[in-house]
Amino acid sequence: MLDKYEGFSRTHGAGHLNEKNIGETVSLCGWVHRRRDHGDLTFLDIRDRYGLCQVVVDPKISKTAFDKADPIRKEFVVGISGKVVERANNAINPNLSTGRIEILAEEIKIFNEAKTTPFFIEENITADENLRMKYRYLDLRTQHMTRNMIMRHKLIKCVRDYLSDNDFLEIDTPILCKSTPEGARDYLVPSRVQKGKFFALPQSPQLFKQLLMVAGMDRYFQIAKCFRDEDLRLDRQPEFTQIDIEMSFVRQDDVMQMVEKLTGYIFDKTAGIKFDTPFLRLSYDEAMDSYGSDKPDLRFGVKITDLTENFRNSEFAVFKNAVAEGSLVKGLKMEGCANYSRSEIDGLVEMGKSFGLKGIVTVQYKPDGIKTQFSKAMSEEAVKKALEPLEAKDGDLLLIAVDKKDVILNAFGRIRCEIGKKLTLIDPKKFSILWVTDFPMFEYDDEDKRFVAKHHPFTSPFLADLKYFETGELDRVRASAYDLVLNGCEIAGGSIRIHDRGVQEKVFAALGFSKEAANDKFGFLMEAFEYGAPPHGGIAFGLDRLLMLITDSPSIRDVIPFPKTASASCLMTGAPNLVDEKQLKELAIKQITPEIIAQ
RNA sequence: GGAGCGGUGGUGGAAGAGUUAACACGUCGGCCUGUCAAGCCGAAGAUUGCGGGUGCGAAACCCGUCCGCUCCGCCA
């Protein structure tokens, strides 16, 4: 028979009690974390969001309470009243914040019983993801997950506090939006009222926030839910949260300075991490040339070194010929790895192949000379001369390869990260933040045979580069876009936006939109630009990824209360699910067979 | 769309194709007044994800399928 909560009232959180409460009579409510039954004396650990506290159930204090405790098992929901007492010296538990005190139970209420849980609610959960996701509410009971949820709250509160204090307005924007081309696949919602038509869930509030600037809101932010129907990854969920920010009458530096202050505030308040300002800035070209990535991890060195000119006229025909055809020669140095075995070196070459390289030439700097495939065509002197920029010393291993610019930079960028991991060059306590700027505006899409926007089509090109629209050299147009990168992870991205109809039309034209198509999809935006649109720009943080870094979580699922699995389903509720024929009929939707889909 | 890894009592996790599918934790019962991963004694609990196949014999090998995880493609 369960007890009613009527007549009982909680006075403290279990984890909040300490020596100051000694002598007080308190009431706790919570879950029974563990029960230790010594026969004529029982210990109950009561757990709530605030922590854990030991309750002593002694028949000499209360026989009624003692009998009541008999059937209590793990995860029962109970209420305990009793006096807080100091523990004997030899009974102190230094692992608990409440370890110097305990409660002598005078009254026990059982508000609910609990079946044996499908997995243990303890710190290092080893249970299968399947189970954790199906019983997410149990998973969230662990201290670890509770802490992550508290961090999530703290982070959001920091953002609200800081931005509110700096004249930003929190304004919400629609979830039922218009499907527009470009970008990720949309989640669609059928309209019942207008049969055959669909809403799309927002991939981001991009256009709304720009229109809020046109509306004169001046400074806006939102903790915004965003939806992208693409495949999932360790750090990617179909439904995620952005800290979305937009400001009027700003240049790129104004946004960046504001973001540096906000970021500093967030990291200091949530994790006690302080950054030096201004943050390091690298241009996109610098980042790509030195690190092979537009989000380089600068917690360790290992720069990519260019050797193209040194091999332009070399004896090594493979490199010489490739360079003549426009390929680049790049090198990476692995300090102290000259003694790698044949199989370790083969492993590196294989890695290169998996990243798209045809091969890698290795050079081992040993005390008795160098060992390398270059020797077939070049003297040791010539090899050393060609590789001088890498400044190798005895004991080092060099990786050299040739390929088209994008291929080799991408491959070496990834190998660089593998080297960082393999040689444990990364200090796990270090936080390395930087801006990457001056992105190219467009990128050629081989599949669609057209240029696409690297950031998004509302990003302002450098005004100085507008001339390339006329000459058709779209790959030379730079964008006023900036990414904030922390430990090799893009945590925020933003840009100065176009606020001029003419420029916006040029960009759409460059992307291959007809005037009609541009008007049909984005006419409302361009029309708004004709009614006094202020210069504006902004940024959006990936809140979940930010939390992953702050909490040092191995997966984005660990910082989202109810995440989706890799196949985008919710194992707890069973979403997505089939719906009634009747519901479909109301929406004028007819299901088609897999055979038709395959066509 | 493609690739890799995994799925064994409630949980974790063993098991060269060969008797009764280890072990630990949990659960249940008993003993026990200072534990905090309590301890001690005992018991129950599994058609090895699902469906085929090979074979005298399959948890194991093969094929298919479902689910989870990771990666590539994809993610302005």
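Residue numbers start from 1 in every chain, and the chains themselves are labelled A, B, ... in the order their sequence lines are given, proteins ahead of strands. Everything numeric in this text was worked out from a predicted model, so none of it was measured.
- Separation of the Phe469(A) and Phe442(A) ring centroids falls under the 6.0 Å cut-off.
- Side chain Arg236(A) to base C75(B): a donor-acceptor pair is found below 3.5 Å.
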In 5'-to-3' order, the base (B), backbone-only (S) or no-contact (-) status of each nucleotide in nucleotides 41-46 of chain B, using a 4.0 angstrom heavy-atom cut-off, is ------
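- Each of Ala568(A) and Asp231(A) was assigned the nucleotide of RNA chain B with the nearest heavy atom; the assignment lying further toward the 5' end belongs to Ala568(A).
- Separation of the C1' atoms belonging to A14(B) and U54(B) is 26 Å when rounded to the nearest angstrom.
- For Glu19(A), the CD atom sits in a packed shell: over 12 heavy atoms of surrounding residues, nucleotides or ligands are nearer than 6.0 Å.
- Residue-to-nucleotide proximity on RNA chain B shows that, of Asp235(A) and Leu571(A), the 5′-proximal contact is made by Leu571(A).
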Which nucleotides of nucleotides 27-36 of chain B have their base under 4.0 Å from a protein heavy atom (B), which only their sugar-phosphate (S), and which neither (-), written as one string 5' to 3'?
SSS--BBBBB
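- To the nearest whole angstrom, the two P atoms, one in G51(B) and one in C66(B), are 15 Å apart.
- The pair Arg141(A)-Glu75(A) counts as a salt bridge, with a side-chain nitrogen and a carboxylate oxygen less than 4.0 angstrom apart.
- In this structure, Lys564(A) atom NZ and U70(B) atom C1' are separated by 20 Å, rounded to whole Å.
- If you take CD of Glu230(A) and P of C72(B), they are 14 Å apart, rounded to a whole angstrom.
- Ile121(A) places its CD1 atom 14 Å from the P atom of U11(B), with the value rounded to the nearest Å.
- Classification of Asp45(A) and Arg36(A) as a salt-bridged pair holds, one side-chain N sitting under 4.0 Å from a carboxylate O.
- Per the geometry, CG belonging to Asp445(A) stands 11 Å off C1' belonging to C74(B), to the nearest Å.
- On the P atoms, A46(B) is 32 Å away from C36(B), given to the nearest whole Å.
- Among the heavy atoms of the strands, none lies under 4.0 Å from Ser354(A).
- When rounded to the nearest whole Å, the span between CD of Gln242(A) and P of C75(B) equals 16 Å.
- Across all their heavy atoms, Lys358(A) and Asp403(A) have their closest contact at NZ-OD2, 3.3 Å.
- Between the side chains of Arg100(A) and Thr98(A), no donor-acceptor pair is found at a separation under 3.5 Å.
- Checked options Asp465(A), Asp438(A), Asp285(A); the residue passing with Arg478(A) is Asp465(A) (criterion: salt bridge (Lys or Arg N to Asp or Glu O under 4.0 Å)).
- When heavy atoms are screened at a 4.0 angstrom cut-off, Arg414(A) is found touching the sugar-phosphate backbone but no base atom.
- Nucleotides G1(B) and A60(B) are separated by 32 Å at their C1' atoms, to the nearest Å.
- C61(B) is paired with G53(B) under the Watson-Crick or G-U wobble criterion, all donor-acceptor distances under 3.5 Å.
- When Tyr284(A), Tyr482(A), Phe462(A) are each tested for a ring pair (Phe, Tyr, Trp, His ring centres under 6.0 Å) with Phe439(A), only one passes: Tyr284(A).
- C40(B) and A59(B) have their P atoms separated by 35 Å, with the value rounded to a whole Å.
- Heavy atoms of Leu52(A) sit nowhere under 4.0 angstrom from any nucleic acid atom.
- Residue-level contact check: Ser569(A) touches the backbone only, with heavy atoms under 4.0 Å from sugar-phosphate atoms and none from bases.
- We find that CD of Glu75(A) is positioned 13 Å from C1' of G26(B), with the value rounded to whole Å.
- With a cut-off of 3.5 Å on both Watson-Crick or G-U wobble distances, the partner of G6(B) is given as C67(B).
- Within a 6.0 Å radius of NZ in Lys68(A), more than 12 heavy atoms belonging to other residues, nucleotides or ligands are found.
- Nucleotide A43(B) has U27(B) as its partner under the Watson-Crick or G-U criteria, with both atom distances under 3.5 Å.
- OP1 and OP2 of U11(B) both lie 4.0 Å or more from every side-chain N or O belonging to Thr126(A).
- Taking atom CZ of residue Arg233(A) and atom C1' of nucleotide C69(B), one finds them 12 Å apart after rounding to whole Å.
- Rounded to a whole angstrom, the distance from the C1' atom of G4(B) to that of U47(B) is 31 Å.
- The aromatic rings of Phe522(A) and Phe508(A) sit parallel to each other, their planes meeting at less than 30°, with 60° as the upper class boundary.
- Rounded to a whole angstrom, the distance from the C1' atom of G7(B) to that of A44(B) is 25 Å.
- Rounded to a whole angstrom, the distance from the C1' atom of A21(B) to that of G45(B) is 14 Å.
- Here the side chain of Ser555(A) is nearest to one of G68(B), U70(B), C75(B), namely U70(B).
- For Phe43(A) and His38(A), the distance between ring centers is under 6.0 angstrom.
- Within 4.0 Å (heavy atoms only), Pro457(A) reaches at least one base atom of the nucleic acid.
- As a whole-Å value, the separation of Glu123(A) CD from G12(B) P is 17 Å.
- Look at Glu182(A) and Arg450(A) and you find a salt bridge, because one of the NZ, NE, NH1 or NH2 atoms lies within 4.0 Å of a carboxylate O, short of that distance.
- Within the 4.0 angstrom heavy-atom criterion, only backbone atoms of the sugar-phosphate kind lie near Arg557(A); the bases stay farther away.
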